[in-house]
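As C-alpha coordinates, the structure follows; a few thoughts come after it.
Side-chain atoms are counted along with the backbone in the values below, which use heavy atoms only and exclude waters and symmetry mates.
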Amino acid sequence: MNPQSVLRPVDLARPHGLSAQAVRNYEDQGILPPAERTPSGYRAYTPTHRLALGAFLALIPGCGHARAGSVLRAVHRGDLEAAFTLLDEAHGELAGDRDTLRRVRAALDGLHDPDDDPGSALFVGDVARLLGVVPATLRAWERAGIVEPRRDRGTGYRIYSPADVRDARMAEQLRRGGFGLARIAELTEQVRSAGGVGPLRETLDGWQASLTRRGHALVSGAAALDSLLPS
(Lines give C-alpha, C1' and ligand atoms only; values in the text may rest on other atoms or scores of the structure.)
Protein backbone atom coordinates (compact mmCIF):
# COMPACT_ATOMS: atom_id res chain seq x y z
CA MET A 1 0.00 0.00 0.00
CA ASN A 2 1.44 3.31 -1.14
CA PRO A 3 1.15 5.73 1.83
CA GLN A 4 0.69 8.65 -0.57
CA SER A 5 -2.43 7.04 -2.06
CA VAL A 6 -4.07 6.31 1.29
CA LEU A 7 -7.38 8.10 1.85
CA ARG A 8 -9.28 8.46 5.09
CA PRO A 9 -13.06 7.97 5.32
CA VAL A 10 -13.48 11.74 5.58
CA ASP A 11 -11.50 12.22 2.37
CA LEU A 12 -14.08 10.14 0.50
CA ALA A 13 -17.05 11.60 2.35
CA ARG A 14 -16.39 15.33 2.21
CA PRO A 15 -16.71 15.89 -1.58
CA HIS A 16 -20.18 14.31 -1.52
CA GLY A 17 -21.44 15.94 1.66
CA LEU A 18 -21.47 12.62 3.47
CA SER A 19 -20.31 11.66 6.92
CA ALA A 20 -17.26 9.47 7.49
CA GLN A 21 -19.60 6.95 9.13
CA ALA A 22 -21.67 6.73 5.96
CA VAL A 23 -18.53 5.75 4.04
CA ARG A 24 -17.74 3.07 6.60
CA ASN A 25 -21.33 1.82 6.37
CA TYR A 26 -21.07 1.56 2.58
CA GLU A 27 -17.97 -0.58 2.98
CA ASP A 28 -19.74 -2.81 5.51
CA GLN A 29 -22.62 -3.21 3.00
CA GLY A 30 -20.23 -4.25 0.22
CA ILE A 31 -20.88 -1.12 -1.84
CA LEU A 32 -17.20 -0.27 -1.40
CA PRO A 33 -14.58 -3.03 -1.57
CA PRO A 34 -12.91 -3.99 1.73
CA ALA A 35 -10.30 -1.49 2.83
CA GLU A 36 -6.89 -2.36 4.12
CA ARG A 37 -5.93 -1.28 7.61
CA THR A 38 -3.08 0.88 8.80
CA PRO A 39 -0.77 -0.49 11.53
CA SER A 40 -2.85 1.45 14.02
CA GLY A 41 -6.08 -0.17 12.78
CA TYR A 42 -7.57 2.69 10.78
CA ARG A 43 -9.21 2.04 7.43
CA ALA A 44 -7.02 2.91 4.48
CA TYR A 45 -9.00 3.73 1.37
CA THR A 46 -7.55 4.17 -2.13
CA PRO A 47 -8.53 5.96 -5.34
CA THR A 48 -10.44 2.80 -6.30
CA HIS A 49 -12.71 3.32 -3.31
CA ARG A 50 -13.22 6.92 -4.39
CA LEU A 51 -14.30 5.75 -7.84
CA ALA A 52 -16.62 3.13 -6.36
CA LEU A 53 -18.32 5.67 -4.11
CA GLY A 54 -18.69 8.11 -6.99
CA ALA A 55 -20.19 5.41 -9.21
CA PHE A 56 -22.64 4.34 -6.52
CA LEU A 57 -23.86 7.86 -5.86
CA ALA A 58 -24.11 8.59 -9.59
CA LEU A 59 -26.21 5.47 -10.16
CA ILE A 60 -28.76 6.17 -7.42
CA PRO A 61 -30.89 8.79 -9.29
CA GLY A 62 -31.38 6.44 -12.25
CA CYS A 63 -31.37 3.04 -10.55
CA GLY A 64 -32.48 3.63 -7.00
CA HIS A 65 -30.45 3.03 -3.86
CA ALA A 66 -30.96 -0.74 -3.61
CA ARG A 67 -30.21 -1.52 -7.25
CA ALA A 68 -27.19 0.80 -7.33
CA GLY A 69 -25.79 -1.06 -4.33
CA SER A 70 -26.40 -4.41 -6.01
CA VAL A 71 -24.57 -3.18 -9.13
CA LEU A 72 -21.50 -2.22 -7.10
CA ARG A 73 -21.49 -5.48 -5.17
CA ALA A 74 -21.66 -7.41 -8.43
CA VAL A 75 -18.73 -5.43 -9.84
CA HIS A 76 -16.62 -6.01 -6.73
CA ARG A 77 -17.12 -9.77 -6.92
CA GLY A 78 -16.22 -9.72 -10.61
CA ASP A 79 -19.71 -10.60 -11.88
CA LEU A 80 -20.05 -8.04 -14.66
CA GLU A 81 -22.94 -9.90 -16.30
CA ALA A 82 -24.99 -9.48 -13.13
CA ALA A 83 -24.08 -5.80 -12.96
CA PHE A 84 -25.04 -5.22 -16.60
CA THR A 85 -28.29 -7.16 -16.15
CA LEU A 86 -29.27 -4.86 -13.30
CA LEU A 87 -28.56 -1.84 -15.48
CA ASP A 88 -30.59 -3.38 -18.30
CA GLU A 89 -33.52 -3.76 -15.89
CA ALA A 90 -33.32 -0.10 -14.97
CA HIS A 91 -33.33 0.90 -18.63
CA GLY A 92 -36.23 -1.48 -19.28
CA GLU A 93 -38.29 0.07 -16.50
CA LEU A 94 -37.57 3.53 -17.86
CA ALA A 95 -38.61 2.43 -21.35
CA GLY A 96 -41.83 1.00 -19.90
CA ASP A 97 -42.59 4.25 -18.11
CA ARG A 98 -41.96 6.20 -21.30
CA ASP A 99 -44.39 3.93 -23.15
CA THR A 100 -47.01 4.38 -20.43
CA LEU A 101 -46.65 8.15 -20.65
CA ARG A 102 -46.99 8.03 -24.43
CA ARG A 103 -50.19 5.99 -24.23
CA VAL A 104 -51.70 8.24 -21.58
CA ARG A 105 -50.94 11.31 -23.70
CA ALA A 106 -52.54 9.60 -26.69
CA ALA A 107 -55.65 8.85 -24.64
CA LEU A 108 -55.92 12.50 -23.59
CA ASP A 109 -55.54 13.82 -27.12
CA GLY A 110 -58.85 15.20 -28.29
CA LEU A 111 -60.39 15.16 -24.81
CA HIS A 112 -61.53 18.38 -23.24
CA ASP A 113 -63.16 19.46 -20.00
CA PRO A 114 -66.84 19.97 -20.83
CA ASP A 115 -69.23 22.45 -19.32
CA ASP A 116 -71.27 20.41 -16.87
CA ASP A 117 -74.63 21.23 -18.45
CA PRO A 118 -77.36 19.07 -16.89
CA GLY A 119 -79.32 19.30 -20.08
CA SER A 120 -76.70 17.33 -21.97
CA ALA A 121 -76.78 14.31 -19.64
CA LEU A 122 -77.04 10.90 -21.32
CA PHE A 123 -78.34 7.47 -20.36
CA VAL A 124 -76.15 4.36 -20.36
CA GLY A 125 -77.38 3.21 -23.78
CA ASP A 126 -76.63 6.62 -25.28
CA VAL A 127 -73.07 6.57 -23.96
CA ALA A 128 -72.56 2.97 -25.09
CA ARG A 129 -73.58 3.85 -28.65
CA LEU A 130 -71.44 6.97 -28.57
CA LEU A 131 -68.31 4.98 -27.65
CA GLY A 132 -69.09 1.82 -29.57
CA VAL A 133 -69.24 -0.40 -26.49
CA VAL A 134 -71.99 -2.41 -24.84
CA PRO A 135 -73.78 -1.18 -21.70
CA ALA A 136 -72.26 -4.05 -19.71
CA THR A 137 -68.84 -2.55 -20.36
CA LEU A 138 -69.90 0.77 -18.87
CA ARG A 139 -71.31 -1.02 -15.84
CA ALA A 140 -67.99 -2.84 -15.40
CA TRP A 141 -66.18 0.49 -15.59
CA GLU A 142 -68.55 1.85 -12.95
CA ARG A 143 -67.78 -1.07 -10.61
CA ALA A 144 -64.07 -0.36 -11.11
CA GLY A 145 -64.58 3.29 -10.15
CA ILE A 146 -63.72 4.61 -13.61
CA VAL A 147 -67.07 6.33 -14.19
CA GLU A 148 -69.46 7.55 -11.50
CA PRO A 149 -72.86 8.27 -13.08
CA ARG A 150 -75.59 9.48 -10.79
CA ARG A 151 -78.95 7.73 -10.52
CA ASP A 152 -82.24 9.29 -11.46
CA ARG A 153 -84.32 9.46 -8.28
CA GLY A 154 -87.52 8.48 -10.00
CA THR A 155 -86.41 5.70 -12.34
CA GLY A 156 -83.05 4.61 -10.90
CA TYR A 157 -81.53 4.90 -14.38
CA ARG A 158 -77.86 5.82 -14.66
CA ILE A 159 -77.36 9.37 -15.91
CA TYR A 160 -74.00 10.35 -17.38
CA SER A 161 -72.89 13.96 -17.09
CA PRO A 162 -70.51 15.46 -19.68
CA ALA A 163 -67.63 14.80 -17.24
CA ASP A 164 -68.71 11.15 -16.97
CA VAL A 165 -68.71 10.89 -20.76
CA ARG A 166 -65.22 12.40 -20.84
CA ASP A 167 -64.01 9.80 -18.35
CA ALA A 168 -65.66 7.02 -20.34
CA ARG A 169 -63.98 8.25 -23.53
CA MET A 170 -60.61 8.22 -21.80
CA ALA A 171 -61.27 4.72 -20.46
CA GLU A 172 -62.16 3.41 -23.90
CA GLN A 173 -58.95 4.79 -25.39
CA LEU A 174 -56.79 3.51 -22.55
CA ARG A 175 -58.34 0.06 -22.87
CA ARG A 176 -57.39 0.04 -26.52
CA GLY A 177 -53.90 1.07 -25.40
CA GLY A 178 -53.63 -2.04 -23.24
CA PHE A 179 -54.31 -0.59 -19.79
CA GLY A 180 -56.05 -2.66 -17.12
CA LEU A 181 -59.13 -1.42 -15.31
CA ALA A 182 -57.31 -0.76 -12.03
CA ARG A 183 -54.74 1.46 -13.73
CA ILE A 184 -57.44 3.27 -15.71
CA ALA A 185 -59.32 3.92 -12.47
CA GLU A 186 -56.17 5.47 -10.98
CA LEU A 187 -55.72 7.75 -13.97
CA THR A 188 -59.37 8.74 -14.01
CA GLU A 189 -59.14 9.65 -10.33
CA GLN A 190 -56.10 11.78 -11.16
CA VAL A 191 -58.18 13.66 -13.75
CA ARG A 192 -60.85 14.33 -11.15
CA SER A 193 -58.36 15.28 -8.44
CA ALA A 194 -56.45 17.56 -10.82
CA GLY A 195 -59.65 19.34 -11.76
CA GLY A 196 -59.81 18.13 -15.34
CA VAL A 197 -57.78 17.09 -18.33
CA GLY A 198 -55.83 20.36 -18.62
CA PRO A 199 -54.18 20.15 -15.19
CA LEU A 200 -53.43 16.47 -15.74
CA ARG A 201 -51.58 17.35 -18.93
CA GLU A 202 -49.40 19.65 -16.83
CA THR A 203 -48.77 16.74 -14.46
CA LEU A 204 -47.72 14.62 -17.42
CA ASP A 205 -45.27 17.34 -18.43
CA GLY A 206 -43.71 17.00 -14.99
CA TRP A 207 -43.61 13.22 -15.41
CA GLN A 208 -41.88 13.69 -18.77
CA ALA A 209 -39.25 15.89 -17.14
CA SER A 210 -38.73 13.27 -14.44
CA LEU A 211 -38.20 10.54 -17.06
CA THR A 212 -35.68 12.75 -18.84
CA ARG A 213 -33.77 13.23 -15.59
CA ARG A 214 -33.78 9.48 -14.99
CA GLY A 215 -32.45 8.84 -18.48
CA HIS A 216 -29.69 11.38 -17.99
CA ALA A 217 -28.87 9.86 -14.60
CA LEU A 218 -28.58 6.39 -16.11
CA VAL A 219 -26.10 7.68 -18.68
CA SER A 220 -24.11 9.60 -16.05
CA GLY A 221 -24.15 6.62 -13.69
CA ALA A 222 -22.95 4.26 -16.40
CA ALA A 223 -20.11 6.64 -17.25
CA ALA A 224 -19.05 6.80 -13.60
CA LEU A 225 -19.25 3.02 -13.32
CA ASP A 226 -17.16 2.57 -16.46
CA SER A 227 -14.23 4.32 -14.78
CA LEU A 228 -14.29 1.55 -12.17
CA LEU A 229 -14.43 -1.42 -14.54
CA PRO A 230 -11.37 -3.34 -15.69
CA SER A 231 -10.22 -2.34 -19.16
If I take atom CH2 from residue W207 and atom OG1 from residue T212, how far apart are they, to the nearest 0.5 angstrom?
12.5 Å
Please answer whether the main-chain N or O of E81 pairs with a side-chain N or O of T85 as donor and acceptor at a distance below 3.5 Å.
yes
Give the intermediate values and the outcome of side chain to side chain contact (heavy atoms under 4.5 Å, CB included) for residues Y160 and L138.
CA-CA 11 Å; Y160 288 75; L138 290 170; 3.6 Å; yes
Is there a side chain to side chain contact (heavy atoms under 4.5 Å, CB included) between V104 and F179 once you walk through the steps?
CA-CA 9 Å; V104 172; F179 281 76; 3.8 Å; yes
Can you see which heavy atom on A13 is nearest to which on V23, and at what distance?
CB-CG2, 3.6 Å
Give the minimum heavy-atom separation between T38 and A44, together with the two atoms involved.
CG2-CB, 4.0 Å
Test: R192 and E148 ion pair at under 4.0 Å:
yes
When rounded to the nearest 0.5 angstrom, what distance separates CD in Q208 from CZ in R213?
10.5 Å
Salt-bridge contact R24-D28 (side-chain N to carboxylate O under 4.0 Å):
no
Salt bridge flag under 4.0 Å for residues D97 and R102:
no
Is L131 reachable from V134 through a run of hydrophobic residues whose side-chain heavy atoms are each under 4.5 Å from the next?
no
So do R166 and V191 actually touch side chain to side chain, heavy atoms under 4.5 Å?
yes
Face-on cation placement of R37 at Y42 ring, 6.0 Å and 45° thresholds
no
From T188 atom OG1 to M170 atom CE, the distance as rounded to the nearest 0.5 Å
3.5 Å
Any side-chain to backbone donor/acceptor pair from T137 onto V133? Under 3.5 Å, distance only.
no
For the student: nearest non-hydrogen atoms of A90 and L218, plus distance:
CB-CD2, 3.9 Å
Within the side chain of H65, is there an N or O that forms a donor-acceptor pair under 3.5 Å with the backbone of I60?
no
Report the C-alpha separation of L72 and L32 in whole Å, then their side-chain angles, then the decisive distance to 0.1 Å, and conclude whether the side chain to side chain contact (heavy atoms under 4.5 Å, CB included) test is met.
CA-CA 7 Å; L72 268 295; L32 303 182; over 6 Å; no
Check this for me: does any side-chain nitrogen of one of R50 and D11 sit under 4.0 Å from a carboxylate oxygen of the other?
no
Would you list the pairs meeting salt bridge (charged side-chain N to carboxylate O under 4.0 Å, His left out) in which at least one residue belongs to residues 57-67, sequence neighbours left out?
R67-E89, R67-E93
With ring-ring contact (aromatic ring centres under 6.0 Å, His included) as the test, would you mind laying out the steps for Y26 and F56 before giving the verdict?
CA-CA 10 Å; Y26 288 149; F56 169 67; 5.0 Å; yes
Over all heavy atoms of both residues, which pair between V75 and A83 is shortest? Give the atoms and the distance, please.
CG2-CB, 3.8 Å
What's the verdict on side chain to side chain contact (heavy atoms under 4.5 Å, CB included) for R175 and I184, showing C-alpha distance, side-chain angles and the deciding distance?
CA-CA 8 Å; R175 283 296 282 167; I184 295 173; 3.4 Å; yes
Given the rule that I, L, V, M, F, W and Y join up when any side-chain heavy atoms are under 4.5 Å apart, are Y157 and L130 in one cluster?
no
Compare all side-chain heavy atoms of T100 with those of R105 and state whether any distance is below 4.5 angstrom.
no
Hey, what do you get for CG (L18) to CG (L53), rounding to the nearest 0.5 Å?
6.0 Å
What residues, two or more places apart in sequence or in another chain, satisfy side-chain contact (heavy atoms from CB on, under 4.5 Å) together with R77?
R73, A74, D79, A82
Minimal heavy-atom distance between R214 and P61, with the atoms involved, is CG-O, 4.0 Å
What's the separation between atom OG in S210 and atom CG in D205, rounded to the nearest 0.5 Å?
12.5 Å
Report yes if the side chains of L86 and C63 come closer than 4.5 Å at any heavy-atom pair, otherwise no.
no
Using distance alone, with no hydrogens and no angle criterion, decide if Q29 and N25 have a side-chain donor and acceptor under 3.5 Å apart.
no
Residue H216 excluded, over 12 heavy atoms near NE2 under 6.0 Å:
no
Working for side chain to side chain donor-acceptor pair (under 3.5 Å), residues E27 and Y45
CA-CA 10 Å; E27 181 191 348; Y45 293 113; 2.6 Å; yes
Answer yes if L225 and L51 sit in the same cluster of Ile, Leu, Val, Met, Phe, Trp and Tyr residues linked by side chain heavy atoms under 4.5 Å apart, and no otherwise.
yes
Please check if V10 and I31 belong to a single hydrophobic cluster, counting links between Ile, Leu, Val, Met, Phe, Trp and Tyr side chain heavy atoms closer than 4.5 Å.
no
Counting N and O atoms only, with roles assigned by atom type, does the side chain of H16 sit under 3.5 Å from a partner on the main chain of L57, one being a donor and the other an acceptor?
no
Working for salt bridge (charged side-chain N to carboxylate O under 4.0 Å, His left out), residues E142 and R139:
CA-CA 5 Å; E142 182 180 349; R139 288 192 285 270; over 6 Å; no
Would D164 and R158 pass as an ion pair if we require N to O under 4.0 Å?
no
If you compare all heavy atoms of L228 against all heavy atoms of H76, which two are closest, and at what distance to 0.1 Å?
CD2-CE1, 4.2 Å
Side chain proximity check, I159 to R151, heavy atoms < 4.5 angstrom
no
Using modelled atom types and a 3.5 Å cut-off, is there a donor and acceptor pairing between side-chain atoms of H49 and backbone atoms of T46?
yes
Going from CG on D167 to CD on E172, what distance comes out if it is rounded to the nearest 0.5 angstrom?
13.5 Å
